[in-house]
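For reference, the structure discussed in these notes is given below.
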Amino acid sequence: MRASGVPFLTPMLTLSVLFFAAPLATLIGYSFIGEGGGFTLDNYARFLGDPFNFRVLINTFRLGVQTVLGVTLLGIPIALLYWHSGWRVRQVIIFLTLIPMLTSNVVRTFAWIVILSRQGPISETLLALGLTDGPISLMFTELGLVLAMTQIDLPLVVLPLIAMLTRLPRNLGEAAEVSGAGPWRILVTVLIPLMLPALLAGWVLVFASTSASFVTQAVIGGARNVYVPQLIYREVGTLFDWPLAAAIAVVLLLTSGAVLLGITLLSRHRRLANHG
């Protein structure tokens, strides 16, 4: 008789309950606590009833979508370069891809302060090319934040794409060329459909990371660009309104979870699963 696997799962289940399920239940419970200590829905009404908070929620999702678009536009060429390259170039691409993941998010964020400043390389390059009349700063702008988040989260898309492409035969493109397909047609009709499951998996990770990245949002975005994690921090650290902060966190969790669930279900579609 085959032994049961329950004893081996017990430590993992115990840790999941103690460090995920229990804190999550506590967070949800706090969100329903009123001023008098009783059960109430006022915290959700206060957050969702304020037009400013609704705009902040929309801005948070827009930031996630823009970052997903940015990492996709950069990740696909990098993954294709890896696929077509030799062993030495592949090692360099993997090394450069993993470096950001081996560096603290705080360090990477503060490095972008230098890059986006008026004396940074972006400003100097635009000034040297004559595209601007003077030094410019992308700090405290949504564009600068999207650039920073794109670089920080790029490995989350590149690595799944590389893993997917390494499973494909190297002569796949040559076979398509023999059939009369040009480079762009091969990319659109052959390679991208094959890469789509890996892309969707990367999108889930990037969207979740970007939506909850408080440090980068606060440092690069500044006070003029407010996102949901900053609202939660304000309620906890400044106004000490923990029930409202919990309600905001639950709303972010549910709305982000709905988007991520939609992407996950799309990735498990029968036609996409067949590509994998």
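Please read these numbers as outputs of a predicted model, since none were measured by experiment. The figures here come from the full heavy-atom set of this structure, side chains too, leaving out hydrogens, waters and symmetry mates.
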Notebook entry, point to check: Could you go step by step and tell me if T109 and T216 meet the side chain to side chain donor-acceptor pair (under 3.5 Å) rule?
Noted result: CA-CA 6 Å; T109 299; T216 307; 2.9 Å; yes
Checklist line | Atom of S85, atom of I93 and distance for their closest heavy-atom approach | finding: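 Shortest heavy-atom separation between S85 and I93 comes out as OG-CD1, 4.5 Å.
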Next item on the list: Step by step, work out the side-chain contact (heavy atoms from CB on, under 4.5 Å) result for I76 and V157.
Entry: CA-CA 8 Å; I76 290 178; V157 164; over 6 Å; no
Note to self: Within the 4.5 Å heavy-atom criterion, are I94 and I162 side-chain neighbours or not?
What the structure shows: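 In contact.
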Notebook entry, point to check: Does some side-chain heavy atom of I78 sit less than 4.5 Å from a side-chain heavy atom of L154?
Noted result: yes
Next item on the list: Under the side-chain contact (heavy atoms from CB on, under 4.5 Å) rule, what do R234 and I248 come out as? Steps first, then yes or no, please.
Entry: CA-CA 11 Å; R234 182 192 67 180; I248 299 173; 5.9 Å; no
Tell me which donor-acceptor pairs under 3.5 Å the side chains of residues 21-34 have, and how far apart each pair is, sequence neighbours excluded?
residue	atom	partner	partner atom	Å
T26	OG1	A22	O	2.9
S31	OG	I28	O	2.5
S31	OG	Y44	OH	2.6

Check: What pairs with L143 under side chain to side chain contact (heavy atoms under 4.5 Å, CB included), at least two apart in sequence or on another chain?
Finding: L138, T141, L147
Atom pairs and distances, side-chain donor-acceptor, residues 48-57, under 3.5 Å, sequence neighbours left out:
residue	atom	partner	partner atom	Å
D50	OD1	F52	N	2.9
N53	ND2	F47	O	3.3

Next item on the list: State whether the number of non-hydrogen atoms from other residues, nucleotides or ligands found under 6.0 Å of F39 atom CZ is greater than 12.
Entry: yes
Checklist line | Check: T210 side chain, G64 main-chain N or O, donor-acceptor pair, under 3.5 Å | finding: no
Next item on the list: State whether the side chain of R90 and the backbone N or O of Y82 hold a donor-acceptor pair below 3.5 Å, judged by distance alone.
Entry: yes
Item checked: V146 and T150: CA distance, side-chain angles, deciding distance, side-chain contact (heavy atoms from CB on, under 4.5 Å) verdict -> CA-CA 6 Å; V146 170; T150 297; 3.9 Å; yes
Next item on the list: Begin from the C-alpha positions of F214 and I232 and carry the test side-chain contact (heavy atoms from CB on, under 4.5 Å) through to its verdict.
Entry: CA-CA 10 Å; F214 167 76; I232 298 174; over 6 Å; no
